[in-house]
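Below is one structure; the comments refer to it alone.
Whatever order the structure lists them in is the order used to number ligands and atoms, beginning at 1.
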Amino acid sequence: MNSADLTARIGSTPLLRICRIWPADSTVQIYAKAEWANPGGSVKDRAAWRIVRDAFERGLLGKGQTLVDATSGNTGIAYAMLGAALSFPVRLYLPANASHERKRILQIYGAEVVPTDPLEGSDGAIRAVRKALQEEKGSVFYADQYGNPMNPRAHYETTAEEIWRQTDGRVTHFVAGLGTSGTFCGTTRRLKELNPAVQCLSFEPDSPFHGLEGMKHMATAIVPGIYDERLADRKMECSTEEAHATCRRAAREEGLLLGISAGAALATAVRLACELEEVGKSAVIVTIFPDGADRYLSDSFWQESEKSHIPNPSAQTLLVLSAEHEAAIRAHGEKTYPHEACGALLGKAQKNRKEVCATLAVANAFGERGDLAEFAVSARESQANRYLIPPEEILRIEKEARRLGLDVIGFYHSHPDHPARPSAYDQEHAWPWLSYVIVRVAKGRSEDLASFVLSDDRSVFAPEEVKK
Ligand code: PMP
């Protein structure tokens, strides 16, 4: 390929709209730059090409001279690709535990790879390259992606401009993870010039020992020379587990094969979106997907069917319950004591807020035995398996909801002489999304009242906020 054709394909990546993990009808929109569309498969093509171009222009990377740098993988791949296309040798210092796929790609491009101590991560690679350079000064070009101003410059000149253009200037929040910090610092500087009101949020791994390849835990790492922490309006964190869980969800729900730091970016953006939506804001959040899943396919986390760590909008709901409706639920619980009372909650629902507009006591056809589990079964079956409860009761609930122009948004029941907490049985049998209000009735008097929502993956029966 003509080298100009190759370098012309760097940047101008698609801006993807997230519309299932975060719903499209929200006042908050999430977009992400699909950086795997670069010819080297990652965001680092931008920085590497800007660094190489600058070195050519300044005569630092002359004929036959070797480019040397420390890299956790993606920058190395970008250098190796450019070295092959533009005919300069490349030598890379890389932690020995970098993913198998990355090392293979580097070898296939023909780069020389020097493995460094896996326990020292990217800092170990930096120390190794510095040590080696002391011995061979002048004969090589040290690209120094952690200290080279051309790294953030690439994002200042390209990434930020693309985001601005692709959102028609509507971007309100920019979220990016920190590795060298080039992406965050360069993009932020330009976006703030274009609109000083744009909020720029950086995020880091939540611990020094993390699996977010390409990212740095700044508090415990060698801080890159190009990093300017004052640029961030806010600093956030992301755990490796949250990133993994989000990668799995993105594959199944969005059809997107994300790299791990891209999963972290999406999880962080969703958390921010939840916060903004909760306070009634409109926003256009843009984040960066630094690379795709192809470099992590041999990782085992794809198979794990562990709990969902991504904030689950349905598990963060707010239930608005007026004093009047609360009193009706309490009175019902006291009346049927020592048996449980149960009923339906009718109301209006938005994505993470439900408002009770009417309670409908259900004749205790669900079981007069004081057996709480009985209610849970019945409530569930009212959705799925109607023969277990009198069909006329279901019809009555649905008819009443229709008559009032409301939805069935949940159920309430009492726990006679038991805490206002769902039992394991409740968790097993309840339905995601619906609100389950439980009131404890002790010796005939109603006490605490709480509401719960089952997460979509059924792993957590999370308490939800109840507000008057
Ligand atoms: N994610 C991945 C997969 C990366 O390779 C990098 C680059 N080290 C980053 C995130 C962070 O980007 P930056 O170096 O621009 O901060």
Quiz item: Under a heavy-atom criterion of less than 4.0 Å, does Tyr296 contact ligand 1?
Solution: yes
Quiz prompt | Chi angles and distances behind the side chain to side chain donor-acceptor pair (under 3.5 Å) call for Glu277, Asn352 | solution = CA-CA 9 Å; Glu277 195 189 57; Asn352 55 1; 3.2 Å; yes
Quiz item: Is any NZ, NE, NH1 or NH2 atom of the basic residue among Glu242 and Arg271 found under 4.0 Å from an Asp or Glu carboxylate oxygen of the other?
Solution: yes
Practice problem: List for me each residue that meets side-chain hydrogen bond (donor to acceptor under 3.5 Å, both in side chains) alongside Ser435, sequence neighbours excluded, and say none if there are none. | Solution: Lys354, Glu464
Quiz item: So which heavy atom in the protein is nearest atom 15 (O) of ligand 1, and how far is it from that ligand atom?
Solution: Thr183 OG1, 2.5 Å
Quiz item: Identify the closest protein heavy atom to atom 7 (C) of ligand 1: which residue and atom is it, and at what distance?
Solution: Lys44 CD, 3.3 Å
Self-check item: For atom 14 (O) of ligand 1, the option (of Leu178, Asn74, Thr180) bearing the nearest heavy atom
Solution: Thr180
Practice problem: Number the atoms of ligand 1 from 1 as they appear, then name those within less than 4.0 Å of a heavy atom of Asp291, with their elements. | Solution: 3 (C)
Quiz item: Should the pair Arg53 and Trp49 be classed as cation-pi, given the thresholds of under 6.0 Å to the six-membered ring centre and 45° from the axis?
Solution: yes
Quiz item: atom 8 (N) of ligand 1: which of Gly177, Gly214, Gly179 has the nearest heavy atom?
Solution: Gly214
Quiz item: Salt-bridged, Asp168 to Arg170, with N to O below 4.0 Å?
Solution: no
Quiz item: For ligand 1, which atoms, with element, lie under 4.0 Å from some heavy atom of Glu213?
Solution: 1 (N), 2 (C), 3 (C)
Quiz item: Starting from atom 2 (C) of ligand 1, which protein heavy atom do you reach first, and at what distance in Å?
Solution: Ser261 OG, 3.4 Å
Quiz item: Is ligand 1 less than 4.0 angstrom away from at least one heavy atom of Ser181?
Solution: yes
Quiz item: Between Lys235 and Glu204, does a salt bridge (charged side-chain N to carboxylate O under 4.0 Å, His left out) hold up when you go through it step by step?
Solution: CA-CA 8 Å; Lys235 294 177 187 172; Glu204 294 175 41; 5.5 Å; no
